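Down below is the structure, laid out as structure tokens.
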Amino acid sequence: MSEKQTVEMTAAELDEYNKFKEEKAKKEAEKQAAEQRKAYRQMVDSSDIKDKKNNILDNFKAILEMKNELMMTKDGQFSHTFTNSKGTKRITLGVYTLDNYTDTVENGIAMVREYIESLATDDKTRMLVDSVLRLLSRDAKGTLKASRVMQLRKIANDSGNARFLEGVKIIEESYNPTPSRQFIRAEIKDENGAWKSVPLGMTES
């Protein structure tokens with residue numbers, strides 16, 4: 001154990017020593033603050049996060065191609081999920097999309113309207129017809145919602161009418177969604193068997 005030693009100082013020397021300690025503490029505080037700012041910039045640097053995510057997507061391209069070949073499927077999915085062999089970790093690669101249709105959608109809509117409106121024979125059936133036609137209404141941007149077309153498909157299947165079914169088929173085949181942005185979602189399974197999200201960054205690419 002080191003022994004304590006007493007150092008005698010004049011008032012001027014003590015003042016100088018205290019100033020030295022204050023200056024040293026100030027420099028250490030400034031250094032720590034600079035390191036914290038650097039860490040923060042790295043954390044929120046969206047371009048850096050975007051590059052990392054793009055690298056992940058590039059690395060998975062070969063896996064996606066192999067998956068489609070083995071499963072004999074065409075890559076028309078908007079997301080792909082990969083799970084480890086133990087079933088405890090999974091990663092989902094995908095693309096957010098905006099609903100969009102080609103010009104032929106108008107032909108399908110016309111066929112559906114023609115059939116549906118022919119069913120209106122009185123006030124009661126007119127109300128039912130109007131409720132079905134609302135599925136063909138467009139949003140504020142003038143876009144037909146894909147979720148409503150799915151509801152229309154169920155009604156067409158239940159009706160069994162060939163004209164109705166053909167019109168819905170044309171609408172479905174006209175669906176041409178526009179890619180918006182890519183996303184990567186990582187998850188792990190907790191002790192209760194529930195999937196929990198693993199944060200990959202503070203921004204999306």
Side-chain angles (χ1 to χ4, degrees), residues 44 46-47 49-58 60-61 63-65 67-68 71-82 90-187 195 197-205:
V44 299
S46 61
S47 62
I49 293 172
K50 182 177 180 179
D51 289 342
K52 286 182 172 60
K53 290 185 177 181
N54 286 336
N55 287 338
I56 293 174
L57 291 170
D58 288 340
F60 269 87
K61 281 182 179 179
I63 298 176
L64 291 174
E65 292 173 358
K67 174 185 173 184
N68 291 327
M71 304 298 181
M72 293 190 299
T73 61
K74 185 176 181 180
D75 189 3
Q77 292 180 244
F78 298 126
S79 67
H80 295 269
T81 299
F82 301 89
R90 68 185 182 188
I91 185 168
T92 301
L93 312 178
V95 178
Y96 293 116
T97 61
L98 302 175
D99 288 341
N100 194 25
Y101 297 82
T102 61
D103 293 343
T104 54
V105 70
E106 301 301 335
N107 297 331
I109 291 175
M111 291 175 66
V112 171
R113 282 188 176 278
E114 178 186 347
Y115 169 72
I116 295 299
E117 290 176 348
S118 70
L119 300 178
T121 57
D122 52 38
D123 291 340
K124 185 176 181 179
T125 53
R126 168 56 63 183
M127 291 177 61
L128 293 173
V129 166
D130 288 344
S131 65
V132 174
L133 290 179
R134 274 196 289 272
L135 295 177
L136 292 174
S137 61
R138 302 171 189 268
D139 63 16
K141 296 181 180 180
T143 304
L144 186 65
K145 301 299 292 181
S147 57
R148 293 179 180 176
V149 175
M150 292 176 64
Q151 297 178 51
L152 200 62
R153 158 58 65 184
K154 186 178 185 305
I155 297 173
N157 289 339
D158 292 342
S159 75
N161 181 271
R163 184 75 173 173
F164 190 6
L165 287 166
E166 181 64 17
V168 173
K169 182 180 179 182
I170 292 174
I171 294 174
E172 291 174 334
E173 291 176 347
S174 302
Y175 188 57
N176 185 32
T178 304
S180 174
R181 57 193 177 97
Q182 296 175 324
F183 69 87
I184 302 174
R185 183 169 58 250
E187 298 167 291
W195 288 103
S197 179
V198 178
L200 297 178
M202 296 182 66
T203 61
E204 286 284 349
S205 61

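Note that the structure is predicted; figures quoted are calculated from it, not measured.
Here salt bridge (Lys or Arg N to Asp or Glu O under 4.0 Å) pairs that include residues 92-104, with residues two or more places apart or in two chains, are Asp99-Lys145.
Side chain of Tyr175 to backbone of Ala146: no donor-acceptor contact under 3.5 angstrom is found. Judged purely by atom type and a 3.5 angstrom limit, Arg148 uses its side chain to pair as donor or acceptor with the backbone of Ser137.
Residues Ile116 and Leu133 are in side-chain contact: their nearest non-hydrogen atoms beyond the backbone lie under 4.5 Å apart. Within the 4.5 Å cutoff, the side chain of Arg90 has no heavy atoms near those of the Arg185 side chain.
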(message) One pair to check against side chain to side chain contact (heavy atoms under 4.5 Å, CB included): Tyr101 and Val149. What are the steps and the verdict?
(response) CA-CA 12 Å; Tyr101 297 82; Val149 175; 3.5 Å; yes
(request) Walk me through it: do Asn176 and Thr102 pass the test side chain to side chain contact (heavy atoms under 4.5 Å, CB included)? (result) CA-CA 6 Å; Asn176 185 32; Thr102 61; 4.0 Å; yes
(request) Quick one: do Ile171 and Arg153 satisfy side chain to side chain contact (heavy atoms under 4.5 Å, CB included)? Show the steps, please. (result) CA-CA 10 Å; Ile171 294 174; Arg153 158 58 65 184; over 6 Å; no
(request) Could you walk me through whether Leu152 and Val132 pass side chain to side chain contact (heavy atoms under 4.5 Å, CB included), step by step? (result) CA-CA 8 Å; Leu152 200 62; Val132 174; 3.9 Å; yes
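Scored by the side-chain hydrogen bond (donor to acceptor under 3.5 Å, both in side chains) test, Lys141 finds no partners at all (sequence neighbours excluded). For the salt bridge (charged side-chain N to carboxylate O under 4.0 Å, His left out) test, residues two or more places apart in sequence or in another chain that qualify with Asp158 are Lys154. Considering only residues two or more places apart in sequence or on other chains, Arg113 meets the salt bridge (charged side-chain N to carboxylate O under 4.0 Å, His left out) condition with none of them. With sequence neighbours excluded, the residues satisfying side-chain hydrogen bond (donor to acceptor under 3.5 Å, both in side chains) with Glu106 are Arg138.
Atom CD of Gln151 sits about 11.5 Å away from atom CZ of Arg134, to the nearest 0.5 Å.
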Would you be so kind as to tabulate the donor-acceptor pairs closer than 3.5 Å made by side chains of residues 159-168, with sequence neighbours excluded?
| from | atom 1 | to | atom 2 | distance (Å) |
| --- | --- | --- | --- | --- |
| Ser159 | OG | Ala156 | O | 2.7 |
| Ser159 | OG | Asn161 | N | 3.2 |
| Asn161 | OD1 | Arg163 | N | 3.0 |
| Asn161 | OD1 | Phe164 | N | 2.9 |
| Arg163 | NH2 | Glu114 | OE1 | 3.1 |

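For the pair Asp130 and Arg126, the salt-bridge criterion is met [side-chain N within less than 4.0 Å of a carboxylate O].
Nearest heavy-atom pair across Leu144 and Leu135 is CD1-O, 3.7 Å. Closest heavy-atom contact between Ser180 and Leu98: CB-CG, 4.3 Å. The two atoms that bring Thr104 and Ile170 nearest to each other are O-CG2, 3.4 Å, heavy atoms only.
Heavy atoms from other residues, nucleotides or ligands lying under 6.0 Å from CG of Asp123 number 12 at most.
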